[in-house]
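Working notes, beginning with the structure itself.
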Amino acid sequence: MGEQQHVKFPQQVIDEYAALGVDLQALFSAGHLGTRMGVQIVEASAERVVGTMPVEGNTQPYGLLHGGASAVLAETLGSVGSMLHGGTSKIAVGVDLNCTHHRGARSGLVTGVATPLHRGRSTATYEIVISDEQERRVCTARLTCMLRDVNPSDEERVRPAN
C-alpha cells in the first residue's frame, strides 16, 4: 500500500483489525499515489480524518496547487473515513467526487479534514475541507463511497497472508 506512516487511530479500530490478525498501524498508508504526492495521514477515525500534502511537487504550470492534487487528497481522506465507518467486513469504493477550488496555494502544506455528512449501511459521504497554512480554505470537496461486502478475492488484496 505504499510507505508506512504513523497514524493516530482510535484504539477500538486498532483492536478490531488486530482480532483479524491485521496490524493496522503497520500496514496502513495513503497508497502509492498518495505516497508519491507526499500525502500524510495524521489522524483517522470514522468521525474525522486529517491529512497533509505539500504544495511543492503538486503544482500546475502557473505554480499553483493542481486541482487534481486537491482531489487526490480529498478522495484519500474521505475513503479512509468511509473504510473505517464500514469496518472490517466492508470495502469502500469511491463513486462520486466533487471539488470546488476557492483559492490558489503556491507553497507550504495544505491540510485536509474529512467529516461525515452521511454514514449508512451501503454508502458513506464525507465533506473534505482543504486549507492552507494560514487556515484559508483552498478547496471544498464531497466524496461518496459505496460500501460493499468483502469477498474472498478482496481479502487477498486488503489483508496480509498468514
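The list of salt bridge (charged side-chain N to carboxylate O under 4.0 Å, His left out) pairs with a residue in residues 66-93, not counting sequence neighbours, reads K90-D149. For the salt bridge (charged side-chain N to carboxylate O under 4.0 Å, His left out) condition, the pairs that include at least one residue of residues 44-56, sequence neighbours left out, are E43-R48, E47-R119.
P10 is listed as a side-chain neighbour of S45, based on a closest heavy-atom distance under 4.5 Å. The side-chain heavy atoms of T59 and V55, taken from C-beta on, include a pair separated by under 4.5 Å. Side-chain atoms of P54 and L109, non-hydrogen and from C-beta on, do get closer than 4.5 Å to each other. Residues R106 and L64 have side chains in contact (heavy-atom distance under 4.5 Å, counting atoms from C-beta outward). Residues R142 and T125 form a side-chain contact, since some pair of their non-hydrogen atoms from C-beta on lies under 4.5 Å apart. Proximity of S70 to I130: side-chain heavy atoms (C-beta onward) are separated by under 4.5 Å at one or more points. T123 is not listed as a side-chain neighbour of L147, based on a closest heavy-atom distance of 4.5 Å or more.
Hydrophobic clustering (side-chain heavy atoms under 4.5 Å, transitive across Ile, Leu, Val, Met, Phe, Trp, Tyr) groups L24 together with L77. A single hydrophobic cluster is seen to contain both V49 and V13, as judged by linkage of ILVMFWY side chains at heavy-atom distances under 4.5 Å, directly or through other members. The hydrophobic clustering, which links ILVMFWY residues whose side-chain heavy atoms are closer than 4.5 Å, places L84 and I14 together.
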>> Using the rule given for side chain to side chain contact (heavy atoms under 4.5 Å, CB included), can you reason through T111 versus V50, listing the C-alpha separation, both sets of side-chain angles and the distance that settles it, and then say yes or no?
In response: CA-CA 7 Å; T111 299; V50 179; 4.0 Å; yes
> Could you go step by step and tell me if D132 and R137 meet the salt bridge (Lys or Arg N to Asp or Glu O under 4.0 Å) rule?
Replying inline: CA-CA 7 Å; D132 63 16; R137 191 177 291 223; over 6 Å; no
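What you find for H102 and T140 is that their closest heavy atoms are NE2-OG1, 2.8 Å. Taking both residues in full, the closest heavy atoms of A92 and M83 are given as CB-N, 3.7 Å, listed atom of the first, atom of the second, then distance. Closest heavy-atom contact between A114 and I128: CB-CG1, 3.7 Å. I41 and V7 make their closest contact through O-CG2, 3.5 Å (heavy atoms, listed as atom of the first residue, atom of the second, distance). Scanning both residues, V150 and T88, for their nearest heavy atoms gives CG2-O, 3.7 Å. Shortest non-hydrogen contact noted between A74 and L97 is CB-CD1, 4.4 Å.
Between the side chain of Y126 and the backbone N or O of A46 there is at least one donor-acceptor pair closer than 3.5 Å. Between the side chain of N58 and the main chain of L65, no donor-acceptor pair closer than 3.5 Å is present. Between the side chain of E133 and the backbone N or O of V110, no donor-acceptor pair lies under 3.5 Å.
Residue R136 qualifies as enclosed at atom CZ: its count of foreign heavy atoms under 6.0 Å is above 12. Enclosure of atom CD in Q11 by more than 12 non-hydrogen atoms of other residues, nucleotides or ligands within 6.0 angstrom is indicated.
Not a single side-chain hydrogen bond (donor to acceptor under 3.5 Å, both in side chains) links Q12 to another residue, sequence neighbours left out.
Atom CG in N98 sits 10.5 Å away from atom CG in L143 (nearest 0.5 Å). Rounded to the nearest 0.5 angstrom, L73 CG and L33 CG are separated by 11.0 Å.
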